[in-house]
Amino acid sequence: MRAALLIASHHLKRVIRKPGLLLLLIAVPFTLALIEYAAFGKTVAVGKLPPVQILFLDEDDSLASRFLFQALSADQMREFIQARSVGDREEAKRMFQKNQASALVVTPAGFGSHLLDGQEAEIQFYGNPVQTFSPQIAASALEMLVLIANQLYGEVAEPLKTIKSFTEGDVPTSEEGVARVAVQFFQGFQKFGKLGSLQDLEVKLQRPDRSGEPAVSGSTPGRFFAFIFPGLLIFALFFISQILAVRLLRDRMRGLQRRILMTRASRGSILFGGILYLVAALFVLLLVVGFLASLVFGIQLRDPLSLLILTLGVSVFIAGLQLTIIGMAKTDRGASFAAGVIIMFLALLGGTFIPAENYPPFFQALAFRIPNGAAQQGIIDVLVHHRSLGEIGSHVITTWIWATIFLWTAIRAEGRRLKIG
Amino acid sequence: MIRISHLNKSFGEVKALRGISFHVEAGEIYGLLGPNGAGKTTTIGVLCGLVIPDSGEAFLNGVDVIRAPVEARRHLGVVPQEVTLYKELSARDNLGFFGQLYGLRGRELKARVDGVLTRMSLADRSREPVERFSGGMLRRLNIAAGILHRPKVLLLDEPTVGLDPQTRAAILDLIRSIAKEGTAVVYTTHYMDEAERLCDRIAIIDHGAILAEGTLAQLKQAAGEREIVALRGTFRPDAGPPDLSSLPGVEIIKMTEEEILFSLANAERQVSSILEKIGAVGEVREVAIRQPSLENLFIKLTGRELRD
Ligand SMILES: Nc1ncnc2c1ncn2[C@@H]1O[C@H](COP(=O)(O)OP(=O)(O)OP(=O)(O)O)[C@@H](O)[C@H]1O
Ligand SMILES: [Mg+2]
């Protein structure tokens, strides 16, 4: 048991030392939630968060910097951010002192040309020292934008270069050239994420009734996010768990698992160390991100006991699922592929993007019988519909039945792997 | 301390071990010398309890490795052939983890980690992630992870591959000093000179069997007064071996299209008559005579050179 704890904490330490994609993935549910809010939050949310005031100083005056300003002052963003441009830093300072703005965003000279050259392009961010919370909101919104923009940028570097050759007049602008850029952009965005495209699909197909039926029942942004965020969080957790599990698989392929077996550790402690690690990592992430979301979106966390039981159940289920997959997979690519397909399937059926309580009866019944769907609905029932642990009993039981099944299959699959002939 | 007898192990068609037996006493360094695929790593695997043999027995410190692997590993230290370290962790954290798995903790763990880092000349870089280490540094850390808990039995599987001569010499010294403290050591290698310099007893292993075993002196004696004559050129092995009936005591060990190896005594006096005979079956471009040595014995036993 001591060895299992040791192994689990060792793996956790490794993740903390090298979080990799993890941080990006944590931003995903927030971003998706904001997009969904922009798409139909207004129709259901009566109360509104006061938007954060941002000043924008364009020292570059290029296509790219103007685009950034447009993006910040876009209609969809107006809910959260109100951007206005200022002439110089002095003006910004005066407005800071009068407490008329929370943050200043500066695009320094050369921003646009660096971007087009594929060099590092810098955006400067200054929080208003007088305020505490709002500059942080602005900063994290901007960070999220930059994280995602960076990823997108990797995909669209090619068309950007083409644009540059247009603007510099090396290549005459032709209809064909413009069309090519458009196609490249499109492909770039498509590659950027099955996440994104899937999400679009859902928003278009399942836009809820504009009359704002009681099922959605969001009268404040907090309630709206309480309704929408649990599914997105579980969705992100699926992807995070996949990364963590594939790392374990690579350990095995590199002989690290055998190396541990050469010490005093038994096969059992390696097996349980792995399970403990994955469950703990997922559970802690769920709690931390959930708590963060409750602060950012103003979600009131009711009935912590029910929430803990449900989130632990989901964590065990996801850990078991992933360990089963890597226990059966021959290669890391095989494991990633299998996990990707299963996650997409579960996400669609479970009501990740539109909570399943809005589904037609048959699909709703199905969603409530799969583990992520049941847990998600349980959490929504607690947060939005103020139901008690007894009232959400069926969701709790469903989640834990699946969790137990997959814990068992994980032990079987990994146990067989550890048996060496 | 280590005793294995009549180990057999097949992986499908491949017979990795065929009846391997040996024993190693406390304080002794036992060398397993053999080319690639000889069965060295498989033998080590059996001793760690990771490979279950088809038949045969293995005991560490009197404990049956196959029946009670965890108990048998209590006093075992292993340096595996591949570098198995956690890249994102520092040298210190890697050693800390392995030390804890061996039951070390607190102040003792820290002292052992410090000690072994200094011994391996890694102390000044001990806090950075090991993914920044050079190949030689990783090898050294790999060794450190196996010896840090001062095991009574130490298994090293080709630990010096890729190290420069000074580092290699330092490591051999270190292993000698570990053995002096009473540890039984099994050392696998395909470097002849390492086996000669380090090991108290050597086993020559190939195709899963021990072909000869003994101290360096005993093995050299087994090689006898006999020397090896190697002819390089173009030959026709399919035409059958040349007639050597007029040259008593000359044996052909190996014959290919490029090379013929003979084992014989008084090579210098007989070379010219050999060349005469061989002239009839091929064309000789190069002649080499090797004095009696471990290498000759090895070639004689296995028909191939170590680095084949
Ligand atoms: N897990 C395995 N599955 C199939 N064959 C194996 C396995 N492990 C070893 N073998 C085979 O057993 C034989 C002995 O391998 P082993 O690794 O013991 O050799 P070695 O002496 O350590 O060689 P090297 O010097 O290359 O490390 C080889 O033919 C190898 O292909
Ligand atoms: Mg080997």
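Please read these numbers as outputs of a predicted model, since none were measured by experiment. We name chains A, B, ... by the order of the sequence lines, and we start the count at 1 in each one.
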Would you please test A/Ile240 and A/Phe238 for side chain to side chain contact (heavy atoms under 4.5 Å, CB included) and show each step?
-> CA-CA 6 Å; A/Ile240 290 171; A/Phe238 271 122; over 6 Å; no
Residues, nucleotides or ligands: over 12 heavy atoms within 6.0 Å of A/Arg2 CZ = yes
When the 4.5 angstrom heavy-atom criterion is applied to B/Leu155 and chain A, the contacting part is neither
Examine whether an atom of B/Glu131 lies under 4.5 Å from a heavy atom of chain A, and if so say whether it belongs to the side chain, the backbone or both; otherwise answer neither.
-> side chain
Does any heavy atom of chain A fall under 4.5 Å from the side chain of B/Ala145, the backbone, both, or neither of them?
-> both
Looking only at side chains, do B/Glu158 and B/Thr188 share a donor and an acceptor under 3.5 Å apart?
-> no
Is the backbone N or O of B/Val63 less than 3.5 Å from a side-chain atom of B/Asn61, with the two atoms forming a donor-acceptor pair by type?
-> no
Is the backbone of B/Tyr102 close enough, under 3.5 Å, to the side chain of A/Arg264 for a donor and an acceptor to pair up by distance?
-> yes
Largest heavy-atom contact set with chain A, pairs under 4.5 Å, which of B/Val83, B/Asp93, B/Asp54, B/Leu47 = B/Asp93
Below 4.5 Å from any heavy atom of chain B, which atoms of A/Arg17 appear? Answer side chain, backbone, both or neither.
-> side chain
